[in-house]
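Just so it is clear, the values below take in all heavy atoms, side chains as well, and ignore hydrogens, waters and symmetry mates. In this chain, residues are counted from 1 in sequence order.
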Amino acid sequence: MENIYRQGVEMAEELQRRSRSCEGLWLIASHLGDPKAAVLLVFPLVFHTHRRTGIAVLWVAALSEWLNLVLKWILFGERPYWWIGHSGLFSRNPPKVQQFMSTCETGPGSPSGHAMVTAAVWWVIVSFLASFFHTRTGSKILAAVPYLLYAVFLACVGLSRIFILAHFPHQVIGGLLAGVLLGVFLNRTVPEDRSLLFFFRFSLTLLLGALLMHGALQKIGVDLSWSISLAKRWCSHPEWIRMDTAPFSSLNRDAGVLLGLGLAQYWKPGGWALPWVPRTLCLALSSIALHYINSFPVPTVPPLLFYSLFFLKYSIVPQVVMVLVPGFVHLLTAKPKME
C-alpha cells in the first residue's frame, strides 16, 4: 500500500499545482458531494419535483452512508493529509500541498463517503430523468444526457476529494463503484408509504447494528479511534476538526433521517397534491428552514448530548420538507369553499 499511497500523494500534488486557479470550483464540488448535502440540499429540491424520487433520495443517502461507515471500520484506510506526516517518508522532501477547511475529516478514508453517497443518490435522480425524457420524447440520445452529466459530476466530486487531500484515488474509485451498485439496488426498494413501525425498526437496527459492531471490534483489540488521533495531530488548523465529520455523527444522521421519514409519512400519508407554483414556494421555504436547522449550534460536550441532538436535528428534516412546510403552504393557497 505504501507505493499506492505515495502515488496518490504525487497525483494530489500535481492536481493542486495544475488546477490551483480552479480551487473554488473544487471546493464547491466537494461540498456538493457531502452526504449532508444530499439531505439538506438535494432532497428538498427533488421531493418538491417528484415525491417518490425525493423519498428515494433520503432512503438511498441514509443506507449508503451507513454502509460506508461499516466499510470504513473494516477496511480502515489512511487519508493523504495525515499519511504525509505520519508515514515519515517525506521528511526530507515534503510535497508542496495545501490543506483546506474541508480536508480534516476524522473518519478512516476507505472508501470515500462523498464518492459513494453521491454516486448512489444521483443514480436515483438521473435514472428518473432519463426515464422521463425517454417517455416524453422517445429519444435515446436525450435520455442518455443525464447519464453523461452524472459521469462528469462524479468525476468532479472524485477529483475534488483528491485535490483537498481528503482521499487517495483508489478510495475514490472504490466509493464510486460501490455507490453506483447501491444506487441501482436500493432504487428498487424505496419504502414509500410504509408503516411508522417499519422505519422505527430500521432506524433502531442501524443504530444498534453499528454500535454492536463497534463494540465487537473493540473487544478483539481493534482501535476504532485511531483516525481521530491522527486527524488531530496532522490537521494544519485544529479548528478545522469538527465532530460532525466523526463516524458516530454520520450514524446518527442516517438513523435520524429514516425515523423522520417514517414520521413524515405517518403524519400525512400521501402528502399534499400542490400545483407547481405552491411547490416552488415549498422549496424556497424548506431551503430556508433547513439552513437554520443546519446552522443551529449543538453543544459538543458531553458527546452523548451532541449525538442525541444531532439525531434529533436530522429526524426533523423530513418532517419539515414533507409535512410542515407543505401544510403551511396548503393553508395559504387553498381556495375557500363556496357555501
Side-chain angles (χ1 to χ4, degrees), residues 1 4-5 35-36 39 58-79 82-83 86 104-117 120 166-168 170-172 174-175 177-179 181-182 185-186 189 191 197-234 241-262 298 300-315:
M1 292 301 295
I4 294 176
Y5 286 151
K36 180 173 63 176
V39 177
L58 269 194
W59 172 249
V60 172
L63 293 189
S64 59
E65 188 180 24
W66 182 86
L67 184 57
N68 179 261
L69 169 64
V70 171
L71 289 175
K72 284 180 175 177
W73 280 346
I74 296 173
L75 300 177
F76 287 82
E78 308 278 355
R79 289 185 185 267
W82 74 53
W83 186 80
H86 178 63
C104 300
E105 296 189 14
T106 58
S110 188
S112 167
H114 280 61
M116 187 168 168
V117 176
H167 288 289
F168 292 99
H170 72 280
Q171 297 171 343
V172 169
L177 293 176
L181 293 175
L182 277 173
F185 174 74
L186 293 176
T189 61
L197 184 59
F198 169 87
F199 288 98
F200 176 78
R201 287 174 175 172
F202 225 101
S203 177
L204 191 62
T205 298
L206 294 191
L207 277 174
L208 294 182
L211 291 174
L212 286 173
M213 181 178 181
H214 185 275
L217 289 173
Q218 284 195 319
K219 193 73 174 178
I220 62 176
V222 178
D223 179 17
L224 294 177
S225 64
W226 67 275
S227 62
I228 298 176
S229 59
L230 286 175
K232 290 179 178 179
R233 180 178 180 185
W234 296 107
I241 299 290
R242 307 187 316 274
M243 280 192 70
D244 63 357
T245 68
F248 279 114
S249 295
S250 62
L251 171 62
N252 281 277
R253 172 166 51 237
D254 302 333
V257 158
L258 289 183
L259 181 60
L261 180 58
V298 177
T300 57
V301 179
L304 181 60
L305 176 62
F306 171 82
Y307 290 126
S308 299
L309 293 177
F310 204 76
F311 176 94
L312 180 62
K313 176 190 286 191
Y314 279 92
S315 68

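Residues P111 and L75 are in side-chain contact: their nearest non-hydrogen atoms beyond the backbone lie under 4.5 Å apart. Using a 4.5 Å heavy-atom cutoff, the side chains of W59 and V257 are not in contact. Under the 4.5 Å side-chain criterion, counting only non-hydrogen atoms from C-beta, L305 is in contact with P302. You'll find the side chain of E105 reaches within 4.5 Å of the side chain of H114, heavy atoms only. Within the 4.5 Å cutoff, the side chain of Y314 has heavy atoms near those of the V39 side chain. Taking 4.5 Å as the limit, some side-chain heavy atom of F202 sits within range of a side-chain heavy atom of L63. Side-chain contact between F76 and S110: absent, with no pair of heavy atoms (C-beta onward) separated by less than 4.5 Å. The shortest distance between side-chain heavy atoms of P303 and Y307 falls below 4.5 Å.
Within a 6.0 Å radius of CZ in F185, other residues, nucleotides and ligands contribute 12 heavy atoms or fewer.
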Problem set entry | Test log, rule side chain to side chain contact (heavy atoms under 4.5 Å, CB included), inputs W82 and S227 | CA-CA 9 Å; W82 74 53; S227 62; 3.5 Å; yes

Exercise. For W234 and W83, what are the C-alpha separation, side-chain angles and deciding distance, and is it a side chain to side chain contact (heavy atoms under 4.5 Å, CB included)?
Worked result: CA-CA 8 Å; W234 296 107; W83 186 80; over 6 Å; no

Problem set entry | side chain to side chain contact (heavy atoms under 4.5 Å, CB included) evaluation trace for M116 with L67 | CA-CA 10 Å; M116 187 168 168; L67 184 57; 4.1 Å; yes

Problem set entry | Working for side chain to side chain contact (heavy atoms under 4.5 Å, CB included), residues W73 and L69 | CA-CA 6 Å; W73 280 346; L69 169 64; 3.8 Å; yes

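How far CG of L58 is from CG of L258: 8.0 Å, rounded to the nearest 0.5 Å. Of the inter-residue distances, the one linking L182 atom CG with N68 atom CG reads 9.5 Å to the nearest 0.5 angstrom. Atom OG of S203 is separated from atom CZ of F199 by 10.5 Å, given to the nearest 0.5 angstrom. Note: T205 OG1 to W66 CH2 = 9.0 Å, rounded to the nearest 0.5 Å. Note: L309 CG to L304 CG = 9.5 Å, rounded to the nearest 0.5 Å.
Using modelled atom types, one side-chain atom of R79 and one backbone atom of A166 make a donor-acceptor pair closer than 3.5 Å. Using a distance-only test at 3.5 Å, with no hydrogens or angles considered, a donor-acceptor pair links the side chain of Q171 to the main chain of E78. Side-chain N or O atoms of S112 include one that pairs as donor or acceptor with a backbone N or O of A115 at under 3.5 Å. Put simply, the side chain of S229 gets close to the backbone of W226: a donor and an acceptor are under 3.5 Å apart.
Annotation: salt bridge (Lys or Arg N to Asp or Glu O under 4.0 Å) contacts involving residues 59-75, sequence neighbours excluded, comprise E65-R253.
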Expected list for residues 245-252: side-chain donor-acceptor pairs under 3.5 angstrom, two or more places apart:
unit_1	atom_1	unit_2	atom_2	d
T245	OG1	T106	OG1	3.4
T245	OG1	R242	O	2.9
S249	OG	M243	O	2.4
S250	OG	P247	O	2.7
N252	ND2	F248	O	2.7

Identify each donor-acceptor pair in which a side-chain atom of residues 206-217 lies under 3.5 Å from a protein atom, sequence neighbours left out, and give them as a table.
none

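For D254 against A62, the heavy-atom pair with the smallest separation is CG-O, 3.4 Å.
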